[in-house]
Amino acid sequence: MAEIIGKVIYDINEVDEQIWNECANGTPKVFNPFVDHRFLHALELSASACNQTGWQPFHILLEEDSKIVGAMPLYLKSHSRGEFVFDGGWAAAWERAGGSYYPKLQSSIPFTPATGSRLLTLPSKEQENRHKHLLQAAIQVAQKIKVSSLHVTFLPELESQVAKECGLLERLDTQYHWRNEGYSHFDDFLQNLSSKKRKNLRRERRDALSNGISIEWITGADFREHHWDAFYEFYTDTGYRKWGTPYLTREFFSEVSAKMPDQTLLIMAKRNERYIAGAINFIGGDTLFGRHWGCVEDHRFLHFEVCYYQAIDFAIEHNLTYVEAGAQGGHKFARGYMPRTTYSAHWIADASLRKAVAQFLEDESRYVQRDIDYLENHSPYRKDIDLSKFTLQSDTLS
């Protein structure tokens, strides 16, 4: 019988890139850039995810007979910022009761609300058992270091089911994603929308570029540092207004584009020979993931053009099936992005807090499902369109 051991590493570079990526690519059906060793290394090397920012790496490796067969991105957190699955109410309740909610353990991709595998394993008939071993190892670590909780966020539905079997509480939420139905042009997509929505989108695209604004797609070998200088100005302006402090350092953008140039895309808006707005995206096997946006000039509908419509254009041109445009944002729904359930799993050390959270999640899940049902009945698509083909199953994007 194989000897199974879980180990904690405190730097992604403690594990070989090829070995980590063999595990990362063993579970998903398609390539996900965020669980790639290069992406996680860029976060750590740039001091975006580190102890000083409240994201201390605590990654788990799973070994069978001294061979690495699994991995789990994990962080020791001293706050709940940059996660996009909000547990501030849980923290406040526990601290009012005299407990200490922080530190906690968080299995996620820092600052990245995108669904993807968190239980990375080599392809094997033992895959489900290895998933359980990874979760059990994470729980053992949480118990050993005496943290309040362990959270696994934006994991695929199948992994969420495994987490439930291991005793974690399931939490549901909603995002809005776009699906490519084999379109050859943006107008093909528009034809599936209701007449009113179609007219609104055409007007928004026209008005967004009406002030002499042009759009550039920058990826691969075309990246230059002046692109990142401009984008970082946009990003920090938005960060200071929304969060108080931007999460990512300037170095991160240079690192990730150097390590993953063909998986990184900047969509930049220019006016009078000057960049005025932009959005960073990451390219997966079948999905374009929109992440951060910012601007230094306000132009009506420019945000929609750069973040949503240009992303659709890129996905169509490059035969990508989905566009994930980040967390929240019901305004995406009116622009053809349909609701999709997202999953997270939560282990709570204290029995009384666990019971309260379980009741909250049971109530919350009913509201989430009700909202999804409502949206599907009020879709922006034509009434004669079969909406079942737009239903986004969790594991198709994992």
Side-chain angles (χ1 to χ4, degrees), residues 84 113-115 173-211 213 215 217 238 242 265-269 277-284 286-295 298-342 371-392 396-397:
F84 302 94
T115 292
D173 204 349
T174 307
Q175 287 186 354
Y176 300 88
H177 300 164
W178 180 85
R179 175 166 174 155
N180 183 0
E181 290 298 321
Y183 306 125
S184 59
H185 192 273
F186 193 89
D187 280 344
D188 295 340
F189 154 62
L190 289 181
Q191 294 308 311
N192 279 342
L193 299 180
S194 68
S195 169
K196 181 178 180 180
K197 296 299 183 185
R198 186 163 59 243
K199 184 182 298 183
N200 286 344
L201 265 65
R202 283 178 172 148
R203 176 176 57 86
E204 289 181 359
R205 298 207 75 178
R206 181 180 64 249
D207 291 354
L209 305 181
S210 62
N211 293 323
I213 296 172
I215 301 293
W217 294 348
T238 300
K242 292 180 69 174
L265 168 69
L266 269 181
I267 298 176
M268 300 285 274
I280 186 172
N281 303 259
F282 292 93
I283 305 167
D286 66 354
T287 302
L288 181 67
F289 299 91
R291 287 305 306 115
H292 302 283
W293 139 273
C295 65
D298 291 323
H299 295 272
R300 195 179 186 201
F301 304 127
L302 186 59
H303 172 245
F304 299 151
E305 175 65 23
V306 171
C307 293
Y308 308 142
Y309 304 144
Q310 287 291 325
I312 290 174
D313 280 338
F314 186 91
I316 291 173
E317 184 169 320
H318 293 82
N319 298 313
L320 298 173
T321 306
Y322 305 101
V323 176
E324 272 201 37
Q328 305 164 313
H331 54 280
K332 301 167 190 169
F333 177 68
R335 293 162 178 88
Y337 287 69
M338 293 295 287
R340 171 206 170 194
T341 303
T342 59
D371 288 347
I372 290 176
D373 292 342
Y374 176 85
L375 290 169
E376 289 179 345
N377 289 326
H378 296 78
S379 113
Y381 289 90
R382 299 195 328 254
K383 296 301 182 184
D384 61 324
I385 295 293
D386 179 9
L387 287 180
S388 63
K389 64 183 180 180
F390 295 103
T391 302
L392 302 174
T396 63
L397 298 181

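Note that this is a predicted model, so its numbers are computed, not measured. Each residue takes its place number in the sequence, starting with 1. Values reported hereafter were calculated over all heavy atoms of this structure, with side chains retained and with hydrogens, waters and symmetry mates removed.
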Within a strict 4.5 Å, meaning less than it, do heavy atoms of the [X] and [Y] side chains meet?
X    : Y    : answer
Q175 : F84  : no
C295 : H303 : no
T115 : R340 : yes
R382 : S195 : no
I283 : F314 : yes
T174 : D371 : no

Salt bridge (Lys or Arg N to Asp or Glu O under 4.0 Å) partners of [X], counting only residues at least two apart:
X    : result
D298 : none
R205 : E305, D313
D173 : none

Taking side chain to side chain contact (heavy atoms under 4.5 Å, CB included) as the definition, give me every residue that meets it alongside [X], ordered by chain and number, with sequence neighbours left out.
X    : result
Q191 : R198, R202
A114 : F34, T112, F289, E324
D207 : R203, F301
A269 : I213, I215, I276, A277, L302, V306

Non-neighbouring partners of [X] that pass side-chain hydrogen bond (donor to acceptor under 3.5 Å, both in side chains), sequence neighbours left out:
X    : value
S184 : D188
H331 : Y308
N200 : none
R335 : E204, Y309

### Check: G326 main-chain N/O paired with K332 side-chain donor or acceptor under 3.5 Å
yes
Working to the nearest 0.5 Å, report the span between [atom1] of [X] and [atom2] of [Y].
X    : Y    : atom1 : atom2 : value
Y183 : N319 : OH    : CG    : 14.0 Å
D187 : F189 : CG    : CZ    : 10.5 Å
H177 : L288 : NE2   : CG    : 11.5 Å

### Task
Please assess F333 against M338 for the test side-chain contact (heavy atoms from CB on, under 4.5 Å), listing each intermediate value before the final yes or no.
CA-CA 6 Å; F333 177 68; M338 293 295 287; 3.9 Å; yes
Of the non-hydrogen atoms in [X] and [Y], which two are nearest, and what is the gap between them?
X    : Y    : result
C307 : W293 : SG-CB, 3.5 Å
G336 : L193 : CA-CD2, 4.5 Å
R291 : P113 : NH2-CD, 3.1 Å

### Query
When you look at Y337 and I312, which way does the side-chain contact (heavy atoms from CB on, under 4.5 Å) test go after all the steps?
CA-CA 10 Å; Y337 287 69; I312 290 174; 3.6 Å; yes
### Task
For H185, enumerate each residue passing the ring pair (Phe, Tyr, Trp, His ring centres under 6.0 Å) test, keeping only those at least two apart in sequence or located in another chain.
none
